[in-house]
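For reference, the structure discussed in these notes is given below.
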Amino acid sequence: MTQHTVDINCDMGESYGAWTMGNDAAVMPLITSANIACGFHGGDPATIRKTIALAAEAKVAVGAHPSLPDLMGFGRRTMHITAQEMYDLVLYQAGAVAAFARAAGVPLHHVKCHGALYNMAATDEALSTALARAVKDLGGHVLLYALAGSKMVAAARQLGLGVVQEVFADRAYEDNGTLRPRSLAGAMIEDEAVAVERVIEMVQRGQVQSHGGKPIAVSAGTVCLHGDQPGALQFATTLRQACAQHGIAVAAP
C-alpha cells in the first residue's frame with residue numbers, strides 16, 4: 001500500500017537562442033512539475049512556448065522559474081535587491097510564463113525561484129514576504145515551491161498562500177537546513193545511488209543528513225531534479241524506479 005506521495009520537479013526551458021541546455025524532451029515524461037525559465041537567467045519567448053507545449057503533452061504541471069536579472073551568471077550570483085524589487089521581478093517573469101501557459105490552454109500551477117534568488121529568499125523574511133505576495137497576486141491559486149523549513153514557507157502560510165515544501169536530491173545541506181553553496185566542496189551529490197537513497201529517506205522518514213553529519217528534519221512535498229546536470233535522464237529514470245519499489249506515488253500537488 002502506498003504510504004507517501006511526492007512530486008518530482010525539474011528546471012526546464014533554460015536554453016537561450018542558439019544555445020541548448022538540458023534534454024528537456026527526454027526528461028519531461030519522467031517528472032510531474034516543470035519550472036520554466038522566464039528569460040532572466042535562461043530561456044527566451046520561443047523556448048518558453050516550446051517547453052510549455054512539451055509539458056502540456058506530457059501532462060506535467062507548468063511552473064514559472066523566475067531569477068535575478070543575471071543572464072551571464074545564470075542567475076547564481078547574489079545581488080542586493082529590495083523587497084519591492086523582489087515582488088516586481090517575480091510578478092513580471094511569472095506573468096510572462098502564465099500568458100504562454102494560458103495560450104496553450106494550461107494553467108500556471110506554481111512558482112519556484114531560481115538560484116541565488118531562491119537562496120536569498122530562503123533566509124530573508126522581507127524578501128520571502130514580497131515573493132509570497134507576488135505569487136498570491138498572480139491569482140488562480142498558484143502554489144509557491146519553497147525550500148523545506150525556510151522563511152519562504154512561513155511567509156506563504158502567513159498570507160494564506162498554498163506552499164509546497166521542496167527538498168533536493170543532488171544538493172548537500174548545511175546544519176541549519178539551507179543548501180550548501182555550490183562554491184564549497186561537497187555541495188553537489190554526484191553519486192546517483194547516494195542521491196536516490198537520500199530522496200527515499202527524506203520522503204519516508206522526513207529527514208536528511210547535513211554535510212556536517214547532523215540529521216535535518218524536512219518535509220518533502222516535492223523533490224528537485226536538476227535537468228542541466230550530466231546524467232539527468234538516467235537519474236530521473238532511476239528515481240522513478242526507486243519510488244515505485246518503495247511504494248511512493250509520484251504526482252504533482
Side-chain angles (χ1 to χ4, degrees), residues 2-14 22-38 43 48-66 90 93-94 97-114 118 131-132 135-136 138-148 150 152-153 156-157 160-170 196 199-200 202-204 206 218-227 232-233 235-244 246-253:
T2 298
Q3 297 180 325
H4 301 276
T5 300
V6 72
D7 172 57
I8 298 178
N9 77 76
C10 186
D11 302 344
M12 293 281 193
E14 293 179 322
N23 190 357
D24 290 359
V27 174
M28 189 71 78
L30 298 170
I31 65 172
T32 44
S33 295
N35 318 310
I36 298 174
C38 309
I48 293 172
R49 172 177 52 81
K50 293 173 184 176
T51 308
I52 289 175
L54 286 175
E57 182 180 2
K59 294 181 171 51
V60 167
V62 170
H65 198 39
V90 172
Q93 293 177 75
V97 175
F100 276 105
R102 184 167 59 249
V106 296
L108 181 67
H109 175 264
H110 66 277
V111 172
K112 173 192 164 180
C113 287
H114 167 81
Y118 183 96
L131 164 61
V135 176
K136 187 171 185 178
L138 285 166
H141 304 290
V142 179
L143 300 170
L144 175 64
Y145 281 20
L147 181 66
S150 70
M152 288 188 281
V153 175
R157 288 177 172 166
L161 176 68
V163 61
V164 182
Q165 299 200 59
E166 180 178 36
V167 296
F168 289 77
D170 57 0
V196 169
V199 170
I200 301 304
M202 286 188 282
V203 173
Q204 291 189 329
V218 293
S219 178
T222 184
V223 58
C224 177
L225 165 69
H226 282 109
L233 178 58
F235 179 67
T237 302
T238 303
L239 181 57
R240 289 298 296 259
Q241 292 171 344
C243 285
H246 286 82
I248 299 171
V250 178

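What's counted below: heavy atoms across the whole structure, side chains too, no hydrogens, waters or symmetry copies. Position 1 is the first residue of the sequence; numbering continues from there.
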Holding to side-chain contact (heavy atoms from CB on, under 4.5 Å), I want the full list of residues that pass it with [X], two or more places apart in sequence or in another chain.
| X | value |
| --- | --- |
| Ala236 | Leu30, Leu225 |
| Gln204 | His4, Ile200, His246, Ile248 |
| Thr238 | Glu192, Val196, Gln234 |
| Leu54 | Asp24, Ala25, Met28 |

To the nearest 0.5 Å, tell me how far [X] [atom1] sits from [Y] [atom2].
| X | Y | atom1 | atom2 | value |
| --- | --- | --- | --- | --- |
| Leu144 | Gln165 | CG | CD | 10.5 Å |
| Leu138 | Leu108 | CG | CG | 6.5 Å |
| Ile36 | His114 | CD1 | NE2 | 14.5 Å |

Just to verify, which of Ile31, Val167, Asp170, Val250 counts as forming a side-chain contact (heavy atoms from CB on, under 4.5 Å) with Val223?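 Of the listed options, the one satisfying the test is Val167.
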If you compare all heavy atoms of [X] against all heavy atoms of [Y], which two are closest, and at what distance to 0.1 Å?
| X | Y | result |
| --- | --- | --- |
| Gly13 | Thr51 | CA-OG1, 3.4 Å |
| Ala58 | Pro29 | CB-CA, 4.3 Å |
| Ala132 | Leu161 | O-CD2, 3.5 Å |
| Asp7 | Thr222 | OD2-OG1, 2.5 Å |

Main chain of Cys10, side chain of His65: is a donor-acceptor contact present, judged purely on distance under 3.5 Å?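 No: the side chain of His65 does not pair with the backbone of Cys10.
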Side-chain donor-acceptor contact under 3.5 Å, Asn9 with Ser33: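 The criterion, which ignores hydrogens and geometry beyond distance, is not satisfied for Ser33 and Asn9.
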May I have all residue pairs that pass salt bridge (Lys or Arg N to Asp or Glu O under 4.0 Å) and include part of residues 98-112, sequence neighbours excluded?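 For residues 98-112: Asp11-Lys112, Lys112-Glu166.
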For His110, what residues pass the ring pair (Phe, Tyr, Trp, His ring centres under 6.0 Å) criterion, not counting sequence neighbours?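 Expected list: Tyr145.
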